[in-house]
Amino acid sequence: MTTKVAVVVGSLRKGSVNRIFAQALAKVARPKLDLQIVEIGELPLYDQDLEGELPAPVIRFKQQIESADAVLFVTPEFNRSFSAALKNAIEWGSRPWGKNSWAGKPAAIVGATLGAVGTAAAQSQLRSVVSATGAALTVQPEIYLNYRDGLIVDGEITDESLRGVLVDWSAKFADWIARLRAPALTF
Ligand SMILES: Cc1cc2nc3c(=O)[nH]c(=O)nc-3n(C[C@H](O)[C@H](O)[C@H](O)COP(=O)(O)O)c2cc1C
């Protein structure tokens, strides 16, 4: 059975390397994992005053997260952190009180930059924030992608060693999700 993964890409721009990476990873992960990007660009800035009557994009976003078996965050690095757009989406997912869409969701973090740092700083900070939402984050394997032109062409990974890393990552994330979703043993 295919496992549905909601993918939250932290960059809003059309040509985002993180979006390109997410799409290529989706191809590699099939058929075990069905990675679908959930759009966050229409979410209003989080404002607790809007919680009384949730805006339509927020309702849609929370439903997409809740109906998925797991969540994957694909983060850029902006000023040694993750993006404001991603933090905003996390806020909405966690609210209103008692309606936390992230709670208990198996989750993972990957990311791509054009620089050698490969989102290490962004992922470290994102990990701490996502942990606070109650999502069940994987620890290993980690992926810090140093993106360059030609690495992904027409949605296909051109570097065989990177492809191998992504195949391994997909199998391990699928295993993590399956373990968390397995019915608890009773004695
Ligand atoms: C506001 C801003 C801040 C950035 N800060 C960093 C940074 O701290 N570290 C880094 O490696 N790259 C940084 N970059 C470069 C990004 O890695 C690069 O723009 C990348 O393409 C962003 O991801 P995206 O293509 O998915 O939007 C920054 C880019 C922007 C626009």
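Atoms within a ligand are numbered from 1 in the order they appear, just like the ligands themselves. In this text the structure is predicted, and so the values were computed from the model without any measurement.
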Check ligand 1 against Arg80 and write out every atom of the ligand that is under 4.0 Å from a heavy-atom position of the residue. 7 (C), 8 (O), 9 (N)
Does an N or O anywhere in Ser16 fall below 3.5 Å from an N or O of ligand 1? yes
With atoms numbered from 1 as shown, which atoms in ligand 1 lie under 4.0 angstrom from a non-hydrogen atom of Ser11? 24 (P), 26 (O), 27 (O)
Hey, is ligand 1 close enough to Gly115 that some N/O pair sits below 3.5 Å? no
If you count the atoms of ligand 1 from 1 in the order shown, which ones are under 4.0 Å from a heavy atom of Asn18? 23 (O), 24 (P), 26 (O)
So which protein heavy atom does atom 17 (O) of ligand 1 come closest to, and at what separation? Thr113 CB, 3.4 Å
Within this structure, what is the CD-CZ distance for the pair Glu39 and Arg60, rounded to the nearest 0.5 Å? 10.0 Å
Minimum-distance protein heavy atom relative to atom 19 (O) of ligand 1: Leu114 CD1, 4.5 Å
So, does Asp69 use its side chain to make a donor-acceptor pair with the main chain of Val5 at under 3.5 Å? no
Could you identify the single nearest non-hydrogen protein atom to atom 1 (C) of ligand 1 and state the distance to 0.1 Å? Asn79 ND2, 4.1 Å
To the nearest 0.5 Å, atom OG of Ser81 lies from atom CD of Gln123 at 11.5 Å
Could you label the plane-to-plane angle of the Phe73 and Trp102 rings as parallel, tilted or perpendicular, counting under 30° as parallel and over 60° as perpendicular? tilted
Step by step, work out the side-chain contact (heavy atoms from CB on, under 4.5 Å) result for Ile109 and Arg127. CA-CA 7 Å; Ile109 295 172; Arg127 178 165 292 280; 4.2 Å; yes
Which is it for Ser16 and Asn18 under the side chain to side chain donor-acceptor pair (under 3.5 Å) test, yes or no, and what are the steps along the way? CA-CA 5 Å; Ser16 160; Asn18 282 280; 4.5 Å; no
Taking 4.0 Å as the limit for heavy-atom contacts, which would you say applies to Arg13 with ligand 1: side chain only, backbone only, both, or neither? side chain
Between CG of Leu162 and CD1 of Ile157, what distance do you get to the nearest 0.5 Å? 4.5 Å
Please write down residue, atom name and distance for the protein heavy atom closest to atom 16 (C) of ligand 1. Glu77 O, 4.0 Å
Out of Phe78, Tyr144, Tyr147, whose heavy atom is nearest to atom 22 (C) of ligand 1? Phe78
Just do the side-chain contact (heavy atoms from CB on, under 4.5 Å) check on Asp34 and Thr3 with the steps written out, would you? CA-CA 6 Å; Asp34 176 21; Thr3 300; over 6 Å; no
Pro76 heavy atoms, cut-off 4.0 Å: which ligand 1 atoms fall inside? 23 (O)
